[in-house]
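Working notes, beginning with the structure itself.
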Number of protein chains: 2
Amino acid sequence: MSDRVLDAAPTPSRKRDPDASRQRILAAATDEFASKGFGDARVDEIARRAGINKRMLYHYFGSKDGLFQAALEEIYETICHAGQALELAAIEPRPGLAKLVDFVWDYYAANPQSITLLNTENLHDARHLRFSVRTQAIHPPFEELIQDLLDRGVAADEFRPDLGAVDLYITIVGLVYYYLSNSATLSVFFGRDLRAPKPLKNWRRHVHETIERLVLKNPGSSAAEIDRGLVRPYK
Amino acid sequence: MSDRVLDAAPTPSRKRDPDASRQRILAAATDEFASKGFGDARVDEIARRAGINKRMLYHYFGSKDGLFQAALEEIYETICHAGQALELAAIEPRPGLAKLVDFVWDYYAANPQSITLLNTENLHDARHLRFSVRTQAIHPPFEELIQDLLDRGVAADEFRPDLGAVDLYITIVGLVYYYLSNSATLSVFFGRDLRAPKPLKNWRRHVHETIERLVLKNPGSSAAEIDRGLVRPYK
DNA sequence: GCTTTTATTCACCGTCTAGTTACTTATGAC
DNA sequence: GTCATAAGTAACTAGACGGTGAATAAAAGC
């Protein structure tokens, strides 16, 4: 009938693989949203990066907003599942605390996309996450996980008895997340590259120390500090 | 010559006030960028909010990017100047530390725009701030300010001797900033409203406590904790 | 083999948006 | 007063961008 039909006829047409396509779109979207934010992210660019036709993106996710929500939900689930795999219950309170700090640090250092995606969602007042039925079904494991760790530490007379699990979690993540999220402006501010290996390593150590001092009943006697001869145990 | 000219002729034409116009544009831009991010911010909306013609915006700031940069530079200067006005040198180390925490908390709690603007700039890898000649001339006061505070605290045998000023600053701001910046997603995460007055007050107290424990040589004897009967001084 | 379903492609569109052109008028210097 | 300059306005545009209609081909069901 028209040139359109004739042109469309000899399409090479890739082998079908809906799951893979969906996944490629999602990965490309996560990249694009994480590196540009919502408004500056380009739907055409996501399609190009995913190597699929833009139409598919609307087929699977409905809209740019739907796509952002899907990317965010995936990140949210990843974080929750990683937390569940932590298995803190099996180890002693103090090394458990250190392991928790390492986990948070390693996760966000390895997944900076999570940070920018979460920042974007906070800019939008969490309106995607708040109304997401998919994520509401997932109970974040952190509160119980940490409460148990704290309880055991208190029982062993090592931890303070008056610290809440949520406060501790936010403290750990805050120290890790803020440093990584704002290292660009902080580096300008202080005139040094905070993302160089040495400052990064230093900050990781600093977070460990800060958290120990916050949680331990008797922080002055922190093993690390005794080793460095800075304090001496007074028991 | 044309209808255009005839239509344009009978303009009401406001009294001239370039400085006020510039300021109104900047304030509107700060609002708009802070609430929507860069890509979702609308130049037309900024002009509308400022009550000026869009053309003026380009007259003063050249482009959307130029406008964002100007808004950011203003925030940066505001933060620096506020820091300079702190006058920590005049007071004792321990109340000085508490005053510093209060200052950071009060500033970001009262200026949430600073947070979202800085987040947006970090998303862009600080490319506006990095090349801003205007802000490079301003030396941020925090490092020396805090170093002096720490030095005096160490001399008085109250503070740890091995804590860097930059680490301390980032710790304080991190705890404050992360909580405020991410309260929306954190509230969903933990199923409670972290922006309600009570949690906010609690977090402020928590930051004070965390910082005291981090900085004090002898954190177990924190006055606040002694008051609450949680610990007893062991000197 | 035939039908139904669904993944995929191509061509296309209406609107929105940063930025501009062309012009007017207030203000201050002389 | 007048003249240069800067502040201000309205109308306009080129292109980008999110989103869609319709046709097609590959699987899946029978």
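So you know, we letter chains A, B, ... as the sequences are listed, proteins then strands, and number each from 1.
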Whole-Å distance, L57(A) CG to dA7(C) P, equals 14 Å
Can you measure H59(B) atom NE2 to dA26(C) atom C1' for me and round it to whole angstrom units? 14 Å
Looking only at side chains, do Y107(A) and S114(A) share a donor and an acceptor under 3.5 Å apart? yes
For residues 55-64 of chain A, pull every pair meeting salt bridge (charged side-chain N to carboxylate O under 4.0 Å, His left out), keeping only residues two or more places apart or in separate chains. none
In whole angstrom, give the distance that lies between atom CD of E45(A) and atom P of dA16(D). 14 Å
How many Å lie between CD1 on I25(B) and C1' on dA7(D), as a whole number? 11 Å
Looking only at side-chain N and O atoms, does Y60(B) come under 4.0 Å of OP1 or OP2 in dG8(D)? yes
Is there any salt bridge (charged side-chain N to carboxylate O under 4.0 Å, His left out) pair reaching into residues 135-144 of chain A, and which pairs are they, with sequence neighbours excluded? E143(A)-R192(B)
Using 30° and 60° as the class limits, which term best fits the ring planes of Y177(A) and Y108(A): parallel, tilted or perpendicular? perpendicular
With sequence neighbours excluded, what pairs up with R42(B) under the salt bridge (Lys or Arg N to Asp or Glu O under 4.0 Å) test? none
Rounded to whole Å, the CG-C1' distance (D40(A) to dA18(C)) equals 12 Å
Which residues share a salt bridge (Lys or Arg N to Asp or Glu O under 4.0 Å) with D31(B), sequence neighbours left out: R49(B)
Hits for ring pair (Phe, Tyr, Trp, His ring centres under 6.0 Å) against H59(B), two or more places apart or cross-chain, chain-then-number order -> none
With sequence neighbours left out, what residues match D65(B) under salt bridge (Lys or Arg N to Asp or Glu O under 4.0 Å)? R127(B)
In this structure, how many angstroms lie between the C1' atom of dT9(D) and the CZ atom of R48(B), rounded? 18 Å
Does S21(A) make a side-chain N or O approach to OP1 or OP2 of dT8(C) shorter than 4.0 Å? yes
Atom pairs, N/O to N/O, protein against nucleotides 17-20 of chain D, distance under 3.5 Å?
residue	atom	partner	partner atom	Å
dC17(D)	OP1	R42(A)	NE	2.9
dC17(D)	O5'	R42(A)	NE	3.2
dG18(D)	OP1	A41(A)	O	3.2
dG18(D)	OP1	R42(A)	NH1	3.2
dG18(D)	OP1	K64(A)	NZ	3.1
dG18(D)	OP2	V43(A)	N	3.1
dG18(D)	N7	K54(A)	NZ	3.3
dG19(D)	OP2	Y58(A)	OH	3.1
dG19(D)	OP2	K64(A)	N	2.9
dG19(D)	N7	K54(A)	NZ	2.9
dG19(D)	O6	K54(A)	NZ	2.7

Could you work out how much the helix from dG1(C)-dC30(D) to dC30(C)-dG1(D) bends, comparing the axis of its first five pairs with that of its last five, to 10°? 20°
Residues pairing under salt bridge (charged side-chain N to carboxylate O under 4.0 Å, His left out) where one sits in residues 99-113 of chain A, two or more places apart or in two chains, turn out to be D102(A)-R204(A)
Salt bridge (Lys or Arg N to Asp or Glu O under 4.0 Å) with K54(B): which residues, sequence neighbours excluded? D44(B)
Sorted by first residue and then second, give each salt bridge (charged side-chain N to carboxylate O under 4.0 Å, His left out) pair with at least one member in residues 178-191 of chain A; sequence neighbours left out. none
Every protein N/O within reach of nucleotides 13-15 of chain D N/O, cut-off under 3.5 Å:
none

Whole-Å gap separating P (dA10(D)) and CD1 (I52(B)): 12 Å
